[in-house]
Amino acid sequence: MIDVELLRSTPDAFRDSQRARQGDVSAVDRALEADEARRAALTRFETLRAEQKAFGKKVAQAPKDEKAALVAQVQGLAEDVKRAEAQANDAAQAFDVAVRGIQNLVLDGVPEGGEDDFTVLREVGEHPAFDFAPKDHVALGESLQLFDLERGAKVSGARFYYLTGWGARLELALLNLALDQAIGAGFTPLITPTIVNPDIMRGTGFLDSHSDEIYYLEADDQYLTGTSEVALAGYHSDEIIDLAAGPKRYAGWSTCYRREAGSHGKDTRGILRVHQFNKLEMFVYTTPDQAVAEHQRLLAWEEQMLAKVELPYRVINTAAGDLGSSAAQKFDTEAWIPTQQTYRELTSTSNCTTYQARRLGVRYRPEEGGKTTPVATLNGTLATTRWLVAILENHQQADGSVRIPEALRPYLGGIEAITPAS
RNA sequence: GGAGACGUCGCAUAGUCUGGUCGAGUGCACCACCCUGCUAAGGUGGAGUCCCGGGUUCCGGGACCGAGGGUUCAAAUCCCUCCGUCUCCGCCA
């Protein structure tokens, strides 16, 4: 949720932001009107309620024989109070709906426009030069028996798969490498719930812009999470946390579930775009003034992981229209995929400023004994199953084997390559 | 899945039967001050979160006793639904 006081004082900032996102600019004025209506209704109710309370006290103190007369006098008031309260509630709800129509205020430097309007911040590493015809990750996976797509489809349908043998081990190795890096950087590891309640899912902002991406369990009115960000953001919901000793950094390990609605026909081969995968996610609660610097740190940790697995990649500054509703700025890293001759997203790090925290009720005290204020939240990817695609394709060798980057070897019993024979 | 108990201001609890003086008591912990004088005891006071209005080291009002409804002039207290915790039984990959 946005800062309502800021909305009142500088509505133009929000109009600009909505415009940059190619979003609904009129939502700003609807929210302002709803805010005024809400406050008027609330004042009306509270005035009546104060009157009623004062009267209740009079009745309590009156001698027995006068009570009946007093009660008769005030009978109508109860009705008025109830009606005013209902009106105040309705107005508050209407305001809530209106204000939800406004996404997080984008930061300076975020490119305007849609999905294709990102800017490239840098390209790192050399594209591999093969003196043979490189195989795509599916061919490599089949010949090296790293995953089983057919049986995945048989058991669970399209976009499901089994990781098998070295494929399974490679994923665990990657995630463990990421986990160890995170722990080394001071993150607290958490293995998170992957089913969450509606208020948590709503609080993270996913029900606004990604609702058709989310698996919903109707019998239980709960959601499967598409990233541990959801459970990590909910971890401190409705809490006043202590940031005096620095930011709270969590590394969440979880399976992620995505419906991939609307992506029919896209990336149908292999494990690039799947309904279920594993991910190690960084999540940080920090003070708002530290958010931009922390965002750079998260990006640096992501790039550190990419360097460890020796992948060529680029970093992009995502355009406003491609940000989630909670994000104020987002950097993606995209690895080079040789057989596609293009870059594909491997990590994504968002600065949600105070937007998520406001919805989820996560606050801190800037000063000892002072007033509470919302924290800033940030998230970023450290490793996912998808990374296997980039690792396999970039590190394949003429004999059909895949060289294992040195950083991963300790997690794979020291092997230097996965060969057809191994 | 069945039966029962419970959910109160940081923690522990009182209050619920018998609705109003609960503006929620007490203990511990916390903060300030006083007294005392030395790794302590005692006294006084203070303290939560959120919202609205006016003022900007404040004042007034309102909400919050797990959540949401209901009864009533009035609900922590009575009724209903839901959620959670615990105990016992059943079941279990």
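Proteins get letters first, then strands, A, B, ... in listed order; numbering begins at 1 in each.
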| field | Side chain to side chain, Pro288(A) and Tyr364(A), heavy atoms closer than 4.5 Å | value | yes
| task | Check the distance between U72(B)'s P and Phe55(A)'s CZ and give it to me in whole angstrom. | result | 18 Å
| message | I need the CG-C1' distance between Asp199(A) and G66(B), as an integer number of Å. | response | 14 Å
| Paired nucleotide for C78(B) [Watson-Crick or G-U wobble; both distances under 3.5 Å] | G70(B)
| request: Looking only at side-chain atoms of Gln52(A), point me to the closest of C50(B), C73(B), C52(B). | output: C73(B)
| field | Integer angstrom distance from the P of U8(B) to that of G2(B) | value | 26 Å
| field | G42(B) and U85(B), which share atom name C1', separated by this distance in whole Å | value | 40 Å
| field | Interatomic distance, Asp242(A) CG vs C30(B) P [rounded to whole Å] | value | 17 Å
| request: Just call it for Arg358(A): base, sugar-phosphate, or nothing, with non-hydrogen atoms closer than 4.0 Å on any strand. | output: nothing
| said: For RNA chain B, which residues of residues 78-96 of chain A approach it to below 4.0 angstrom with any heavy atom? | reply: Ala78(A), Lys82(A)
What N/O pairs connect the protein and nucleotides 62-64 of chain B at under 3.5 Å? Give each pair on its own line.
unit_1	atom_1	unit_2	atom_2	d
G62(B)	O2'	Glu46(A)	OE2	3.4
A63(B)	OP1	Arg49(A)	NE	2.7
A63(B)	OP1	Arg49(A)	NH2	3.3
A63(B)	OP2	Lys53(A)	NZ	3.0

| Would you say Gln329(A) and Thr353(A) make side-chain contact, with heavy atoms under 4.5 Å? | no
| task | Considering only atom C1', compute the distance from C33(B) to A47(B) and round it to an integer number of Å. | result | 14 Å
| said: Only pairs with both distances under 3.5 Å count, Watson-Crick or wobble alike; so what is the partner of C28(B) in this structure? | reply: G10(B)
| request: Just call it for Arg44(A): base, sugar-phosphate, or nothing, with non-hydrogen atoms closer than 4.0 Å on any strand. | output: nothing
| said: Using a 6.0 Å distance limit plus a 45 degree cone around the ring axis, check whether Arg38(A) lies over the aromatic ring of Phe95(A). | reply: yes
| task | Using both distances under 3.5 Å as the test, list the Watson-Crick or G-U wobble partner of G53(B), or none. | result | C59(B)
| said: If you assign Thr43(A) and Arg363(A) each to the RNA chain B nucleotide with the nearest heavy atom, which residue ends up on the more 5' nucleotide? | reply: Arg363(A)
| query | Does Gln103(A) use its side chain to pair, donor to acceptor, with the backbone of Gln18(A) at less than 3.5 Å? | reply | no
